Each structure stands twice: as structure tokens, then as C-alpha cells.
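Chain letters run A, B, ... following the sequence lines, proteins first and then strands; every chain starts at 1. Note that this is a predicted model, so its numbers are computed, not measured.
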Amino acid sequence: MAHVGRVSMLVVEIFRGLKEVRIWVPRAFDEAWNIGVGSLFIVLLVSAFAGGVTAYQAGYQFTGSLPYYVVGTLVVESIVLELGPVLVGLILAGRIGARYAAELGTMRVTEQIDALESLGRSPASHLIIPRVVAGLVMIPVLVVFADIVGVLAGLWAAKQVLPLTTADFTYGAQYFWHSFDAYYSLIKAFFFAAAITIIPCYMGFTTGQGAEGVGRSTTGAVVSSSVIILLLDVVLAKVLLNS
Amino acid sequence: MIELRGVKKKFGEQVILDGVDFVVQDGETVALLGPSGTGKSVLLKHIIGLIKPDAGQVLVDGLHVARLKRKELAQLRYKIGYVFQNGALFDSDNVFENVRLGISDETKYADADYSRDRVAQVIKLVNLPADVIDKYPSELSGGMRKRVGIARAIVGEPKYLLYDEPTSGLDPVNSDIIDGLVERLSDELGVTGIMVTHDVRGAFRVADRLALLSGGKIIMQGTQEEFLASENPKVKEFLERDFETPSNAAA
């Protein structure tokens, strides 16, 4: 509960620091570039493999029992509703979360954060807001890319193993499609982005005891944000899809 | 004036400060001595509000530091330059950006010409070459990093300067350079200074007055002569480690 209270305090600090636009906006652009360009390859790779494997497994399970266009339905719904945002979230929890916790943790143990405070400057607007804002903007964008590439990879894979045309696949995809599915994917990405950025920033910010502390914060950041992503996945599915 | 009244601080069960009373008058430079781990840096961080006392009061210019609101504390911090033990320079920023962060006036901070001139001015004041401003902290030696840390602390023209072991980890030549710099800044800028150190020689060279922290309390305050003449066993023990007192000189 103490952690929840302190994370809440950090969120309050973030809102307070938002008015220092001149400080955090340029830094947020740098962070956004790091997150977006730096993560694009791994995000696209994982989503392409996820889309392809989903198509192969759907083909294996449904051949002879269901029309082939169902593969289109399954690939699109699986990728957009679940695999795209969750896989991207978990990968970025490792890639970005570990980096944020290690960077801020190192800054804490080398007194760089104390130095910032001693200069009368807000660590929130200099260090945390740029990272959180960049994540909230770029992670949903990465999820959109992941969704598109995952679906295209699924189409390609399905056509390799099944007598399926692009038109069949598209028909299946559209048959059960709701426009809300795209929003749902983005909403999930937004919540995951908050977990991927805020938790590691908090862990890094509260690091103690030297190099060992930085290691503990980094591991804790990745584990905690991954667990929160999985919990959010369940909660958002229940709230947004089944209420 | 900086004043600590009965300041107490514990981390867990470990008592760090156990009722510290300490006064620094405007214009003087005081060396706060004590063995490693006695809470000298903790005391310094109380003055700038990075740590809050469990009990007691920390007053700077009559303001109760622990009770200040966010904006008031930021305003107070603009008046205090803090030189961190290892420089605490921002790794990802070059020297210019590191030093510029110390400019407290936001209008001047945003003025690119003023910032560049002012940073160049303090870089010269701390005896660093002008071309250092484009370098990153990882490209600097330990002594240069300390001097950049001092430049950052003085660029905003503070009234007070707090030095946290400015010569620790430096060879004797670089230690002398830093001590000389502290002495010169005190004379030229007229700032009030507190220098935390366990280097007695440096303290004797730089400070108008000394204070010894031991067992969570200030056990002695006074001039160099008063320290050398002290019969307090803890004072003698501390001085004898790296300074020739009358007693061990006779021995």
C-alpha cells in the first residue's frame, strides 16, 4: 500500500510539473524518438511472428470443420484485441521500463536527482514527464503498427498453408469486425503505456543503496510493470468488452 | 545566517544527528569536520531541504526550511549553491547545459546570449579551459568534474555555498587547486560557505572557523588555534590522523 501511495504522489507531481512546458516538451521529443524508432524493429518482428503463428494454428485447427474465411476473423480479432497490445506492452516493459528504471536509479545513487532539486528545479518536469508523455504518445502508435503488421503477416502465412484468397481473409476479418475493436486496442495501449512508464520511473526514482539498488529497481520495474499489464488486460477486457 | 537548533535525524534505528546546534554567520566560511559516516553530508542536505529533520529546526535567513512550501523552498534553493561530493553532473548533458541549469533567473536562463556569456564567465572563474563547455562529464577528469560542479553552484550567484567533500578522491595537487578555489570564491564573491570535509589541512587553509561533528553532535566549534590547543580527546584524535598538533609534534 505504501508503494500505491507513493506512486499516487508521483502522479500528482507529474500533473504539477505539466505547466513547465518549456522544460519537458523538448525532452519529450527526444524520448519519443528513442521509444518510437528504437523499438520499431522489435515490435514489428514480434507482431509479424504472432500474426503468422496465429494464422498457421487457425489453419491447423479449422481445416475441414469451418470455412477458411474464419481464419481472417481469428487473426484480426486476436491481433487487434489481444496479441498486438499485450505483446508490445510486455516487450516494451522490458526494453523501455528497464532503461527508465536504470537511468533514473543511477541518477538517484549518483545524486543527480538531488542536484536537480538543489538547483530549485523539478525532477518531475525534467526527468519524469518527458518519459511518461513520450510513452503515452508513442506506445499506442507502436501498437497500431504492430496490429497492421501482425494482420498482414497473418494474411501472408494463411495464404501459404490454406487455399485462401485475400478476399476470403478480408471477408472473415470484416464479418465480425466492430469499429470499437480498434479503439479497444488503443485504449489498452494507452493504459499499458502508463504502466510501462510510470512504474519504472517510480522504481528508478526511489532507488537506494548503490549499484545493487539500481539492479533491484530495474528488475522490479520490469516485473511490476509486466504484472500490471496482465492485470490491466483482464480488467479492461471485463470492463470494456463484457459490461 | 544559517542556524540549526537541536536537529535530530534517524535512518531506521541508526541515529545520525542527535541534537545538532550549529550557526554560520553571513560572510564566514566554516569547515565541518568529522570522520566518514558521521552525518556531515546529511547535515548539509538538511540546510537545502533535501532531508527533513525528525526534530529540531533548520533556519536559513530566518526561514524554517522544513516548513517551506514548494515554491518558497525553490526560491530559497536559488540562494544556495550546493557542490556535490562527486560533482553529480548530468551524464546526458554537456558542461554548458550542466552549468546553465544553475542559472536561477528563468528569463536569463532562456536568454541564450546571457547563458553562454555567464557560463563562460564561471568556467573561467573555476580555472577551466573555455573549450570544456562542449564536453560531456564522462570526458572530464575527477578534478575537472568537481570544478564544473562548483561552476554550476556559483553560476546563479548564490548567497550561500555548501561544499560536500569537494576534495575527496582527488590527488594532493588537485585537492590544493580546489581548496585554493574555495578560498578565492569566498574572498572574491563574498559568499557564506560551509565545507564538509575530513581533510584537516584543507579545512585549516580555507575556513574562518571549524566545527567537529562526532556521535551525532557538534562537539567543538572554534578557530584553527582553538582546535590545535584543544584537550578534547576526540578533537585530538581527529587532528592527529593527518595533522601535526603540538602534542604529537612534541612526541
Where does B:F90 contact chain A at under 4.5 Å (heavy atoms): side chain, backbone, both or neither?
both
Kindly check if the number of other-residue, nucleotide or ligand heavy atoms within 6.0 Å of CZ (A:F191) is above 12?
no
Portion of B:L101 that has a non-hydrogen atom of chain A nearer than 4.5 angstrom
both
Highest number of heavy-atom pairs under 4.5 Å with chain A: which of B:L50, B:I48, B:I80?
B:L50
Among B:Q85, B:Q75, B:K45, single out the residue with the greatest number of heavy-atom pairs under 4.5 Å to chain A.
B:K45
Decide if atom CZ of A:F145 counts as having more than 12 heavy atoms of other residues, nucleotides or ligands within a radius under 6.0 Å.
no
Stepwise, does the side-chain hydrogen bond (donor to acceptor under 3.5 Å, both in side chains) test hold for B:Y160 with B:D61?
CA-CA 10 Å; B:Y160 301 102; B:D61 288 345; 2.3 Å; yes
Those residues of residues 81-115 of chain A that come under 4.5 Å of chain B on a heavy-atom basis, listed by number, are A:M107, A:T110, A:E111, A:Q112, A:D114, A:A115
Assess A:R6 against A:Y202: is NZ or CZ under 6.0 Å from the centre of the six-membered ring, and within 45 degrees of the ring's axis?
no
Is it the side chain or the backbone of B:I103 that comes within 4.5 Å of chain A heavy atoms, both, or neither?
backbone
How many angstroms lie between OG in B:S92 and CG in A:D30, if you round to the nearest 0.5 Å?
9.5 Å
Region of B:K71 in contact with chain A, defined by heavy-atom distances below 4.5 Å
neither
Side chain / backbone / both / neither for B:L76 at chain A, heavy atoms under 4.5 Å
neither
Identify the two heavy atoms, one from A:L116 and one from A:H126, that lie closest to each other, and give their separation to 0.1 Å.
CD2-CB, 3.6 Å
Can you confirm if the aromatic rings of B:F84 and B:Y82 lie within a centre distance of less than 6.0 Å?
yes
Stepwise side-chain hydrogen bond (donor to acceptor under 3.5 Å, both in side chains) check, A:S78 with A:T54
CA-CA 8 Å; A:S78 303; A:T54 306; 5.4 Å; no
Would you tell me whether A:S217 and A:T207 have side-chain atoms, one donor and one acceptor, within less than 3.5 Å of each other?
yes
